[in-house]
Amino acid sequence: MRPDAPNVPAHFIEQIIQEDLASGKHKRIHTRFPPEPNGYLHIGHAKAICLSFGLAEKYNGSVNLRFDDTNPEKENQEYVDAIRRDVQWLGYHWNGGEFYTSDYFETLFQYASILIKKGKAYVDHQNPETIAEQKGTPTAPGTNSPHRERSPEENLQLFEEMRAGVHPDGHCVLRAKIDMTHPNMHMRDPVIYRIKRAHHHRTGNDWCIYPMYDFAHGQSDSIEGITHSLCTLEFEVHRPLYDWFIQELEIFPSRQIEFARLNLDHTVMSKRKLLRLVEDGVVDGWDDPRMPTISGLRRRGFTPESIRTFCDRVGIAKRENVIDFSLLEWALRDHLNRVALRAMAVLDPIKLVVVNYPEGQTEMLPSENNPEDPEAGVRMMPFSRELWMERGDFREEANKKWFRLAPGKTVRLKSAFIVRYVNHTVDAQGNVNEVHVEYFPDSRSGSDTSGIKAKGTLHWVNAATALDAEVRLYDRLFADPTPDGHADREFTEFLNPDSLEVRTHCKLEPSLGEAPGETPYQFTRLGYFSLDSEKSKAAGHPVWNRSVTLKDGWKG
RNA sequence: UGCCCCAUGGUGUAAUGGUAGCACACCGGUUUUUGGUACCGUUUGUCAAGGUUCGAGUCCUUGUGGGGCAACCA
């Protein structure tokens, strides 16, 4: 999809496009991304975005951003703004333009009138329950409405009365006249217009009737000259209706093609369920770093590149799928490993005292900013007698497989010196307090003439100049791989109680004090982190989010 | 007792009638001043039964399994 993307074989939709281009059916392709502005975009939308935008990019076509805003009760401007921001952040531009289904309300009204005149639509005065009953079931045919045979003239007048506000909400609907015995439920005289006196975020109170999805979507595609209208599998059964309207109205034949939606394990993906997590206060808003929303992933420290790579990797097919969360993590690590600056931070600090290092002395030691990128340069780190080290890097008893500090062990302090265990102190509870080591002056990093070999390398932070920070560690939001896959249990029952761990008084190397907002860092040996600017502002001290851990290959 | 879609290692996805490949995960090794990265390697798969064909993951039939469809939601 991207110019720098690996050469992946063409999936079935791309093959259709290639054929349409080769046969001359279309000179140029035109796609669209059509979200309803009733919630925030999530990683599943990212797949759809990468598909429709990516295809347009690759084949020099156009792509529209269209807000499918036919249900004013659920939609608002906040969501429109969030969606625009998220698509842009992913790195895409709607070169075909920005549209709203509400732009077409007048045209759609005229289309409906055409159908009425052709005797292909009628006004039904029955209540929703009766209409539902007459619809039949998937295994039993429906029956005709008593209003089905009204004349086009009467229907036209009634429909115009509906628009004019003569009838109260729910008093009647406009229905397409197709076939109440059709094996496809969607073809059994679907409702195409309803009366709803609701304030629309764009058209205000201009309308009191609104078209249904099926009567708006295909026509909107057609009006915009969309050649390939890509959507998820659940709309497959709508396609005959989509085509029926286009045929009856004799308008540009857009083609709907369906693909399988993305499912990620250990999370939920429906807007309804995500909304519930937000409303119940289970998470810190739509952009909580644990949410699978684009805004949540952004705050978590994901990069647009990593999300696009992820979407490339999951592929496009018609088979139901559940993608491992670890694939998303892999995509992030893959990108961040190449670009993230390295820095040292100690999340669970204990004191490390270099007993033979002169008191009051400090020296500056260079450390590379990114071993994967020599051009990233080096920075100077202060080193002195008292340092912070990670509690987990010391054990009072250890075997041969333990490369870190313990009685009798020797390790290198990253970018500094090799040190050897001397002794350690414990507090009243028996917790290790301080670890004392001696250093070898001739083992200085870069000019080591000591000849000493140390198997382990530890990160550290100079105590006197360390910055205090809060660091938030995240884990899967749900403990179960498929929280909404249990018929008899609520998805909320599977929430992971340990999905957020807040660490305070973490020690950061001083260079992190100047960290610009969005820059991703790798805290050496710990993972990738990014500053949470808004949280920091609110808390009055730096708050960092762990985006993802480093792969931990140690099985000790 | 309907209609539609789908079925390839643990996961995802290729092979378009001609050697079942790739990625992630897993496991093992080499390198390493990150138990990271990089590099190398091992293990693991065509839902079933018939049929067509010189040849079937691919085409046909019948099963089996999974998903979707009965909002005045999208």
Side-chain angles (χ1 to χ4, degrees), chain A residues 6 8-12 15 34-36 38 68-71 73-75 101 124 127-128 131-133 135-142 169-175 182-188 190-196 209-210 212-214 216-217 231 233-240 258 260 265 271-272 310 312-324 326-331 333-334 337-338 342 344 367-368 371-372 401-404 411-416 418 443 445-446 448 454-459 522-527 549-556:
Chain A
V8 287
H11 51 69
F12 77 102
Q15 288 178 29
E36 180 186 15
N38 70 339
D68 210 352
D69 54 352
T70 59
N71 187 3
E73 285 170 340
K74 292 185 174 173
E75 301 150 4
T101 303
D124 196 338
N127 61 40
I131 289 177
E133 257 170 52
K135 206 144 224 177
T137 69
T139 55
D169 285 15
H171 186 246
C172 51
V173 293
L174 185 69
R175 291 228 259 166
H182 198 106
N184 182 338
M185 297 290 290
H186 294 277
M187 299 296 274
R188 322 241 265 224
V191 172
I192 59 178
Y193 262 95
R194 77 279 212 189
I195 304 172
K196 183 178 284 201
I209 58 172
Y210 293 94
M212 301 288 291
Y213 165 85
D214 283 308
H217 204 96
C231 64
L233 246 28
E234 66 267 30
F235 292 102
E236 207 156 28
V237 284
H238 292 248
R239 181 158 25 99
E258 310 86 13
D265 66 4
K271 281 184 191 170
R272 206 196 88 239
F310 170 75
D312 283 342
R313 294 305 171 115
V314 300
I316 299 293
K318 296 189 77 162
R319 177 155 50 128
E320 296 291 333
N321 60 79
V322 182
I323 308 289
D324 291 350
S326 56
L327 187 65
L328 226 200
E329 296 182 321
W330 167 82
R333 289 192 191 105
D334 180 61
N337 177 52
R338 283 178 278 128
R342 272 57 171 177
M344 293 211 246
S367 187
E368 50 192 350
E372 307 294 316
K401 287 186 174 171
W402 181 256
F403 297 169
R404 312 176 192 180
V411 299
R412 172 172 291 281
L413 298 180
K414 170 82 178 166
S415 300
I418 292 177
S443 68
S445 191
D448 184 351
K455 274 203 137 171
T457 301
L458 306 189
H459 60 279
Q522 182 195 108
F523 289 175
T524 301
R525 298 210 302 136
L526 296 176
T549 61
L550 250 31
K551 193 166 127 187
D552 188 3
W554 186 55
K555 303 289 185 261

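In the text below, chain A, chain B and the rest are named by the order of the sequence lines, each starting its count at 1.
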Checklist entry - According to the interplanar angle, ranging from 0 to 90°, do the rings of A:Y213 and A:H238 count as parallel (below 30°), tilted (30 to 60°) or perpendicular (above 60°)? => result perpendicular
Checklist entry - Using purine N1 to pyrimidine N3 plus N6-O4 or O6-N4 for Watson-Crick, or N1-O2 and O6-N3 for G-U wobble, both under 3.5 Å, which nucleotide pairs with B:U62? => result B:A48
Item to check | Whole angstrom value for the distance that separates P of B:C5 from CD1 of A:I316 | outcome: 20 Å
Checklist entry - Which distance, rounded to the nearest 0.5 Å, do you find between the CG of A:L413 and the NE2 of A:H459? => result 11.0 Å
Checklist entry - Going through the distances and angles, do A:D324 and A:D265 end up as a side chain to side chain contact (heavy atoms under 4.5 Å, CB included)? => result CA-CA 6 Å; A:D324 291 350; A:D265 66 4; 3.8 Å; yes
Checklist entry - Just how far is it from atom CG of A:D124 to atom CD1 of A:I131, taken to the nearest 0.5 Å? => result 4.5 Å
Checklist entry - What's the CZ-C1' distance between A:F12 and B:G12, to the nearest Å? => result 15 Å
Item to check | Below 4.0 Å: OP1/OP2 of B:C73 and any side-chain N or O of A:R194 | outcome: yes
Next on the checklist: For a quick check of understanding: with a heavy-atom distance under 4.0 Å over all strands, which category does A:H182 fall into, base, sugar-phosphate or nothing?
Outcome noted: nothing
Next on the checklist: Checking A:E236 against A:K318 for the salt bridge (charged side-chain N to carboxylate O under 4.0 Å, His left out) test, could you report, in this order, the C-alpha distance in whole Å, the side-chain angles of both residues, the deciding distance, and whether it holds?
Outcome noted: CA-CA 11 Å; A:E236 207 156 28; A:K318 296 189 77 162; 2.8 Å; yes
Checklist entry - So what does A:K196 touch, heavy atoms closer than 4.0 Å: a base, only the sugar-phosphate, or nothing? => result sugar-phosphate
Item to check | Interatomic distance, A:D69 CG vs B:C73 C1' [rounded to whole Å] | outcome: 14 Å
Checklist entry - Looking for any heavy atom pair under 4.0 Å, which part of the strands does A:D324 touch: base, sugar-phosphate only, or nothing? => result base
Next on the checklist: Would you measure the distance from the C1' atom in B:C26 across to the matching atom in B:G9 and give it in whole Å?
Outcome noted: 12 Å
Checklist entry - Who does B:C3 pair with, Watson-Crick or G-U, both distances under 3.5 Å? => result B:G68
Checklist entry - Which one is paired to B:U19, where only Watson-Crick or G-U wobble pairs with both distances under 3.5 angstrom count? => result none
Checklist outcome for this item: Winner on side-chain proximity to A:M212, out of B:C4, B:C73, B:A70, is B:C73
Item to check | Watson-Crick or G-U wobble partner of B:A25, both distances under 3.5 Å | outcome: none
Checklist entry - Contact class for A:Y193 (heavy atom, under 4.0 Å): base, sugar-phosphate, or nothing? => result nothing
Checklist outcome for this item: 5'-most contact on RNA chain B (nearest-nucleotide basis), A:Y213 vs A:E234, goes to A:E234
Item to check | Criterion side chain to side chain contact (heavy atoms under 4.5 Å, CB included) on A:H217 and A:D68, from CA distance to verdict | outcome: CA-CA 8 Å; A:H217 204 96; A:D68 210 352; 2.9 Å; yes
Checklist entry - Once you round it to whole Å, what is the distance between P of B:A71 and CZ of A:F235? => result 15 Å
Item to check | First encountered from the 5' end of RNA chain B, between A:P183 and A:N321 | outcome: A:P183
Checklist entry - When you measure from the side chain of A:V191, which nucleotide among B:C72, B:A25, B:C73 comes out closest? => result B:C72
Next on the checklist: Can you tell me which nucleotide in B:A74, B:C5, B:A14 comes closest to the side chain of A:P9?
Outcome noted: B:A14
Checklist outcome for this item: Base orientation of B:A23, chi within 90° of 0 counted as syn, else anti, reads anti
Item to check | d(CD1, A:I323; P, B:U13) in whole Å | outcome: 6 Å
Checklist entry - Does any N or O in the side chain of A:R188 come within less than 3.5 Å of the main-chain N or O of A:K135, such that one atom is a donor and the other an acceptor? => result yes
Checklist outcome for this item: B/S/- along nucleotides 31-38 of chain B (protein heavy atoms under 4.0 Å) is --BBBBS-
Checklist entry - Atom NE2 of A:H11 and atom P of B:A15: how far apart are they, to the nearest Å? => result 12 Å
Checklist entry - Can you check the A:K318 NZ to B:G12 C1' distance for me, whole Å? => result 18 Å
Item to check | Check: A:S367 main-chain N/O paired with A:R342 side-chain donor or acceptor under 3.5 Å | outcome: no
Next on the checklist: Mind checking if A:V237 touches a base, just sugar-phosphate, or nothing, with heavy atoms under 4.0 Å?
Outcome noted: base
Checklist entry - In whole Å, what is the span from the CG atom of A:D265 to the P atom of B:A25? => result 13 Å
Next on the checklist: Does the Lys NZ or Arg CZ of A:R333 fall within the cation-pi geometry relative to A:W330 - under 6.0 Å from the ring centre and within 45° of the axis?
Outcome noted: no
